[in-house]
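Notes follow once the structure below has been shown.
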2 protein chains.
Amino acid sequence: MKPVVVLDKIMETAERLFYEQGYNLTGINQIIEEANISKPSLYNHFKSKNDLLLAYLDQAYSKWFEDLAIFTAGMTTPFDRLIALFDYRISRQIKTDFKGCAFVKISGEVSNDNIDVFERTKKYKNDIKAHVIDLVKQLDRPKDRLLSNDELAETIFSMLEGSLLMAKINKSYQPLEDAKNIVRKLV
Amino acid sequence: MKPVVVLDKIMETAERLFYEQGYNLTGINQIIEEANISKPSLYNHFKSKNDLLLAYLDQAYSKWFEDLAIFTAGMTTPFDRLIALFDYRISRQIKTDFKGCAFVKISGEVSNDNIDVFERTKKYKNDIKAHVIDLVKQLDRPKDRLLSNDELAETIFSMLEGSLLMAKINKSYQPLEDAKNIVRKLV
DNA sequence: GTCTATAGAAGGATAGAC
DNA sequence: GTCTATCCTTCTATAGAC
């Protein structure tokens, strides 16, 4: 998709730079330069850099769930879809050279009283968790398992986040692979 | 401990501001102002802002393990010490109003090719993991448990990180409490 | 709606006096 | 070793022409 509209150019460039370099290390100047637009054009679409950040986060949210739907399109069982969450993240981290979660990155960068960013991060993560809980409910598990459904969901989600973090730090998808195999046993 | 030496003032102020506001949002000007020193004095001790950051990380590393040793001083069994890892983090997060892990925050802020920061973060996290592995080995577990020792250690560590992240995002220690209770069952 | 040009503040870092 | 004073760069944002 070649961007023809200025807004598209801005979003495409901001997405790339915010994620790869970080929000604070990416100046407005660099964005307009690489997007080949002028500064007032940017401020015509966004009233501030923070506004552009929020638009970036909203786009990242939508893309994440859309891409997940595509990734799991052929899968029918809840078990497969649970395991796919790990594979989905592995594939994304390999593509981005293990830069980690965009929302975690940003929420570590901005001020703690930036409520707009805080709420978006919270919603993103808790929607993923809700997805895990939903899938676990659909599983047909024996009654005598070690963990309850709630506990299993909590464990899967927590390991999904923890192993993603370690994948970033170690620049390796091994933590995600290990977590995936453990989850298989816990179900 | 009232800082009498300039170096102490710098470290104390930098530690507070880097952690509370973030590295990039904390300017040299703010540090010298709140530390009540002059700019050349700071550059007499550190050749750059990045150098000060590295000193801050090294101090945070030492303090974390020292404080853990104090926290677990009275504990004798490996099981208690494993559970204490969660309580230790809960107590710290309550104290800091859920600002999360200092190393994770920083590694999300700096450039990915800042090797000095990257290596320190890696060492910090993997030393915690090594500690978990060591404690799990000391456990006297039945042979018929669902998870092997390696798998259990991986799970505990991953949940320790994942639940800490969610504690920060939700500004609640509940994720850490939930993880702790699940770990109790998995051991 | 997009441009050129610039404002005004804050960033990190240094020279030179003491 | 610590200061006052200053340098140059970069930052976000805007005024005004087209």
Side-chain angles (χ1 to χ4, degrees), chain A residues 2-58 105-117, chain B residues 2-58 105-117:
Chain A
K2 200 172 175 181
V4 285
V5 191
V6 170
L7 181 59
D8 291 340
K9 287 196 212 174
I10 297 173
M11 289 304 292
E12 200 169 278
T13 309
E15 177 186 17
R16 179 170 53 82
L17 295 177
F18 284 171
Y19 186 60
E20 290 183 4
Q21 299 185 347
Y23 174 70
N24 286 316
L25 294 179
T26 300
I28 292 288
N29 294 316
Q30 189 183 6
I31 294 176
I32 62 161
E33 189 184 336
E34 299 199 13
N36 271 308
I37 57 159
S38 74
K39 202 172 287 192
S41 279
L42 190 153
Y43 281 97
N44 183 44
H45 289 279
F46 302 96
K47 76 172 209 286
S48 69
K49 190 188 175 188
N50 191 66
D51 254 39
L52 175 56
L53 170 62
L54 299 182
Y56 157 69
L57 290 178
D58 288 340
K105 271 173 72 81
I106 293 296
S107 66
E109 281 200 82
V110 301
S111 166
N112 262 336
D113 54 3
N114 191 327
I115 299 171
D116 294 321
V117 169
Chain B
K2 201 169 174 182
V4 286
V5 191
V6 170
L7 181 60
D8 291 340
K9 288 197 211 172
I10 297 173
M11 290 304 292
E12 199 170 278
T13 309
E15 177 187 18
R16 179 171 54 84
L17 295 177
F18 284 170
Y19 185 61
E20 290 183 4
Q21 299 185 347
Y23 174 71
N24 286 316
L25 294 179
T26 300
I28 291 289
N29 293 315
Q30 190 183 4
I31 295 176
I32 61 160
E33 190 184 337
E34 300 200 14
N36 272 307
I37 57 157
S38 74
K39 204 173 283 193
S41 278
L42 191 153
Y43 282 97
N44 183 44
H45 289 280
F46 302 96
K47 75 173 209 284
S48 69
K49 190 189 175 189
N50 191 66
D51 254 37
L52 175 56
L53 171 62
L54 299 182
Y56 157 69
L57 291 178
D58 288 340
K105 272 173 72 82
I106 293 295
S107 66
E109 281 199 82
V110 301
S111 167
N112 263 334
D113 53 4
N114 190 328
I115 299 172
D116 294 320
V117 169

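Here the structure is a predicted model, which means the values were calculated and not measured. Just so it is clear: chains get the letters A, B, ... in the order the sequence lines come, proteins before strands, and each one is counted from 1.
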Worksheet item: For B/E33 and C/dA10, what is the distance between atoms CD and C1' respectively, to the nearest whole Å?
Response: 12 Å
Worksheet, complete the sentence: Rounded to the nearest 0.5 angstrom, the CD-OG distance for A/E20 and B/S111 is 11.0 Å
Practice prompt. Measure from the side chain of B/P40, starting at C-beta and using heavy atoms only, and say which of D/dA5, C/dT4, C/dA13 lies closest.
Written response: D/dA5
Worksheet item: Between C/dA13 atom P and B/N44 atom CG, what is the distance in whole Å?
Response: 15 Å
Practice prompt. Provide, to the nearest angstrom, the distance between the CD1 atom belonging to B/I10 and the C1' atom belonging to C/dG12.
Written response: 15 Å
Practice prompt. Return the nearest nucleotide to the side chain of B/K49; candidates are C/dC3, D/dT14, C/dG12.
Written response: C/dG12
Discussion item. Please pick, from C/dG12, D/dT14, D/dC3, the nucleotide with the shortest atom-to-atom distance to any side-chain atom of A/K39.
Written reply: D/dT14
Practice prompt. Looking only at side-chain atoms of B/N29, point me to the closest of C/dA13, C/dG11, D/dT2.
Written response: C/dG11
Discussion item. Set out, in order, the CA-CA distance, both residues' side-chain angles and the distance that settles side chain to side chain donor-acceptor pair (under 3.5 Å) for B/N50 and B/N114, then state yes or no.
Written reply: CA-CA 9 Å; B/N50 191 66; B/N114 190 328; 3.0 Å; yes
Worksheet item: What integer distance in Å separates A/Q30:CD from D/dT12:P?
Response: 10 Å
Response to the item:
Between CD1 of B/I28 and P of C/dT14 the distance, given in whole Å, is 11 Å
Discussion item. Is it true that, when you exclude B/Q30 itself, more than 12 heavy atoms of the residues, nucleotides or ligands shown sit nearer than 6.0 Å to its CD?
Written reply: yes
Fill in: Distance in angstrom units between B/N36 CG and D/dT4 P, rounded
11 Å
Discussion item. Assess the residue pair B/T26 and B/Q21 against the criterion (side chain to side chain donor-acceptor pair (under 3.5 Å)); give the C-alpha distance rounded to whole Å, side-chain angles, the decisive distance to 0.1 Å, and a yes or no.
Written reply: CA-CA 6 Å; B/T26 300; B/Q21 299 185 347; 3.2 Å; yes
Practice prompt. Using heavy atoms to find the nearest nucleotide of DNA chain D for A/L25 and A/K47 separately, return the residue whose nucleotide is more 5′.
Written response: A/L25
Discussion item. Looking at A/S38, I'd like to know whether one of its side-chain N or O atoms comes within less than 4.0 Å of OP1 or OP2 on C/dT4.
Written reply: no
Item to complete: Would you mind reading off the distance between B/F46 atom CZ and C/dT14 atom P, rounded to a whole angstrom?
Response: 15 Å
Worksheet item: Which nucleotide, D/dA13, C/dT14, C/dT2, lies nearest any side-chain atom of A/H45?
Response: C/dT2
Practice prompt. Could you tell me the separation between the CG atom of A/N50 and the C1' atom of D/dC11, rounded to a whole number of Å?
Written response: 15 Å
Response to the item:
Which of D/dG1, C/dC3, D/dA13 is nearest the side chain of A/Y43? It is D/dA13
Discussion item. Is there a side-chain contact between B/L54 and B/F46 in this structure, where contact means two heavy atoms from C-beta onward sitting under 4.5 Å apart?
Written reply: no
Response to the item:
Ranking D/dA13, C/dG1, C/dA13 by distance to the side chain of A/S48, first place goes to D/dA13
Worksheet item: Should A/S41 be listed as having a side-chain N or O under 4.0 Å from OP1 or OP2 of C/dG1?
Response: no
